[in-house]
Participant: 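One structure, as structure tokens, below. Some questions next.
Keep in mind that the numbers below use all heavy atoms, side chains included, and drop hydrogens, waters and symmetry copies.
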Amino acid sequence: MPSQSAGPAPRSGPKRRLRADAQRNYDLLVAAARDVFHDHGVDAPLDDIARRAGVGNATMYRHFPTRRELIIAVYSEEVAELCARSQSLLAENPPSDALFDWLQDFIAHVAAKRELALSIADDRTGQRSALFDRWHHSMHTAASALLTRAQSAGTVRADLNASELLALANGIALTTTDATQAERLVVLVRQGTDTPSTADAGIR
């Protein structure tokens with residue numbers, strides 16, 4: 001995949017243009033669903049989501065006829081925020097800091113949102129596979145942009161690629177039990193990927 005600046009993460013499909021009031025309701029429903037799923041799991045009653053969003057059930061079902069479609073919309077927003085975070089880090093942080101700060105965010109994303117993603121049921125049309133491919137591509141592109149800048153700055157080994165770093169980060173997310181342990185493991189990964197000159201100088 002290309003090593004370029006990551007744009008917004010893809011949504012579940014082509015997004016139709018909505019009237020301002022309809023867009024507002026859509027956004028309220030997605031925000032409410034994120035909160036409810038976080039607090040009560042993906043099997044939480046949909047009525048609770050409509051109530052928290054302040055809209056009627058009919059409005060909710062017009063936007064999201066099924067729970068599956070709502071879950072897809074919520075997870076799309078989660079990926080979009082993660083990739084947008086990479087843009088902010090690219091603009092504001094030193095190259096190596098930006099890369100490893102984002103990897104820490106990626107680990108937190110996988111640990112917290114894995115159940116949400118896996119709750120998207122498979123389907124015969126291949127939509128689920130296509131969605132996962134696009135989401136993975138978006139995250140890989142974000143990681144590649146951060147890694148390329150750190151390598152250009154000479155602070156990270158040139159022989160690394162984004163897939164290797166994401167595999168390490170994914171392993172940390174799936175095997176650690178708390179944020180403190182995850183942070184320590186990211187520090188160890190960072191130490192192992194420093195260039196010799198960076199490691200000798202103690203640059204972080």
Side-chain angles (χ1 to χ4, degrees), residues 1 5-89 102-143 166 169-174 176-179 182:
M1 297 179 190
S5 182
R11 302 304 201 267
S12 56
K15 194 172 184 178
R16 67 183 186 277
R17 295 177 65 87
L18 300 174
R19 300 190 319 270
D21 58 337
Q23 184 64 57
R24 175 178 176 276
N25 288 336
Y26 177 95
D27 293 341
L28 286 170
L29 284 162
V30 173
R34 289 176 70 173
D35 290 342
V36 171
F37 290 156
H38 178 268
D39 293 342
H40 305 292
V42 295
D43 294 324
L46 295 182
D47 289 353
D48 290 354
I49 294 171
R51 190 178 306 111
R52 182 172 296 201
V55 305
N57 285 3
T59 297
M60 180 178 64
Y61 287 116
R62 277 199 301 272
H63 286 288
F64 303 105
T66 68
R67 180 185 299 272
R68 183 177 188 275
E69 291 180 43
L70 184 55
I71 293 171
I72 288 171
V74 169
Y75 190 71
S76 290
E77 291 297 322
E78 297 286 359
V79 174
E81 285 193 5
L82 179 65
C83 293
R85 170 73 170 151
S86 75
Q87 292 291 295
S88 298
L89 291 168
W102 188 83
L103 283 178
Q104 195 73 60
D105 291 341
F106 173 83
I107 289 166
H109 167 89
V110 173
K113 308 303 176 183
R114 184 169 180 266
E115 179 184 357
L116 183 67
L118 293 179
S119 70
I120 301 171
D122 207 351
D123 61 288
R124 295 180 180 180
T125 66
Q127 183 198 33
R128 181 179 186 270
S129 294
L131 286 169
F132 273 66
D133 285 347
R134 288 156 56 191
W135 289 328
H136 290 165
H137 175 80
S138 183
M139 290 185 279
H140 188 283
T141 300
L166 289 177
N170 190 66
I172 291 172
L174 298 181
T176 53
T177 57
D178 59 68

Participant: How far does CG of Asp133 sit from NE2 of His137, to the nearest 0.5 angstrom?
Facilitator: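 Those atoms lie 10.5 Å apart.
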Participant: Within this structure, what is the CZ-CG distance for the pair Arg128 and Asp123, rounded to the nearest 0.5 Å?
Facilitator: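 If we round to the nearest 0.5 Å, Arg128:CZ and Asp123:CG are 8.5 Å apart.
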Participant: Please test Ser88 against Arg85 for side chain to side chain donor-acceptor pair (under 3.5 Å), starting from the C-alpha separation and ending with a verdict.
Facilitator: CA-CA 5 Å; Ser88 298; Arg85 170 73 170 151; 5.8 Å; no
Participant: Using every non-hydrogen atom in the two residues, find where Phe37 and Val74 come nearest and quote the distance to one decimal.
Facilitator: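 Answer, listing the atom of Phe37 first, then Val74: CE1-CG2, 4.1 Å.
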Participant: If every non-hydrogen atom of Asn25 is compared with every non-hydrogen atom of Val55, which pair is closest and at what distance?
Facilitator: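 Reported closest heavy-atom pair: OD1-CG1, 3.6 Å.
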Participant: Got a sec: does the NE2 of His40 have more than 12 other heavy atoms crowding it under 6.0 Å?
Facilitator: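 Yes.
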Participant: Drop me the distance from Lys113's NZ to His38's NE2, to the nearest 0.5 angstrom.
Facilitator: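 Between atom NZ of Lys113 and atom NE2 of His38 there are 5.5 Å.
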Participant: On a heavy-atom basis, which atom in Val42 and which in Leu116 lie closest, and how many Å separate them?
Facilitator: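 What the structure gives for the nearest pair is CG1-CD1, 3.5 Å.
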Participant: Search all heavy atoms of Trp102 against all heavy atoms of Leu82 and return the closest pair with its distance.
Facilitator: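 That would be NE1-O, 2.9 Å.
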Participant: Apply side-chain contact (heavy atoms from CB on, under 4.5 Å) to the pair Ile120 and Gln127, showing each step before the final yes or no.
Facilitator: CA-CA 10 Å; Ile120 301 171; Gln127 183 198 33; over 6 Å; no
Participant: Charged N to carboxylate O below 4.0 Å: is that the case for Arg34 and Glu81?
Facilitator: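 A salt bridge is present here (some side-chain N lies under 4.0 Å from a carboxylate O).
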Participant: What I want to find out is whether Arg24 reaches Asp27 closely enough, with some N-O distance under 4.0 Å, to be called a salt bridge.
Facilitator: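 No, this pair does not count.
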Participant: For Ala142 versus Cys83, what's the shortest heavy-atom pair and its separation?
Facilitator: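 It is CB-SG, 4.3 Å.
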Participant: Within the structure provided, determine whether Leu131 and Arg134 are in side-chain contact (heavy-atom separation under 4.5 Å).
Facilitator: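 Side chain of Leu131 against side chain of Arg134, heavy atoms only: contact under 4.5 Å found.
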Participant: Rounded to the nearest 0.5 Å, how far apart are CD of Gln104 and CG of Leu89?
Facilitator: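 Going from the CD atom of Gln104 to the CG atom of Leu89 covers 12.0 Å.
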Participant: Using 30° and 60° as the class boundaries, would you call the ring planes of Tyr75 and Phe132 parallel, tilted or perpendicular?
Facilitator: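 Parallel.
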Participant: If you round to the nearest 0.5 Å, how far is CZ of Arg67 from OH of Tyr61?
Facilitator: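 Reported to 0.5 Å precision, the distance equals 8.0 Å.
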Participant: Going from CG on Leu29 to CG on Leu46, what distance comes out if it is rounded to the nearest 0.5 angstrom?
Facilitator: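 Rounded to the nearest 0.5 Å, the CG-CG separation comes to 10.0 Å.
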Participant: Ignoring hydrogens, what is the shortest heavy-atom contact between Leu70 and Ile49? Give both atom names and the distance.
Facilitator: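 Shortest heavy-atom contact: CD2-CD1, 3.7 Å.
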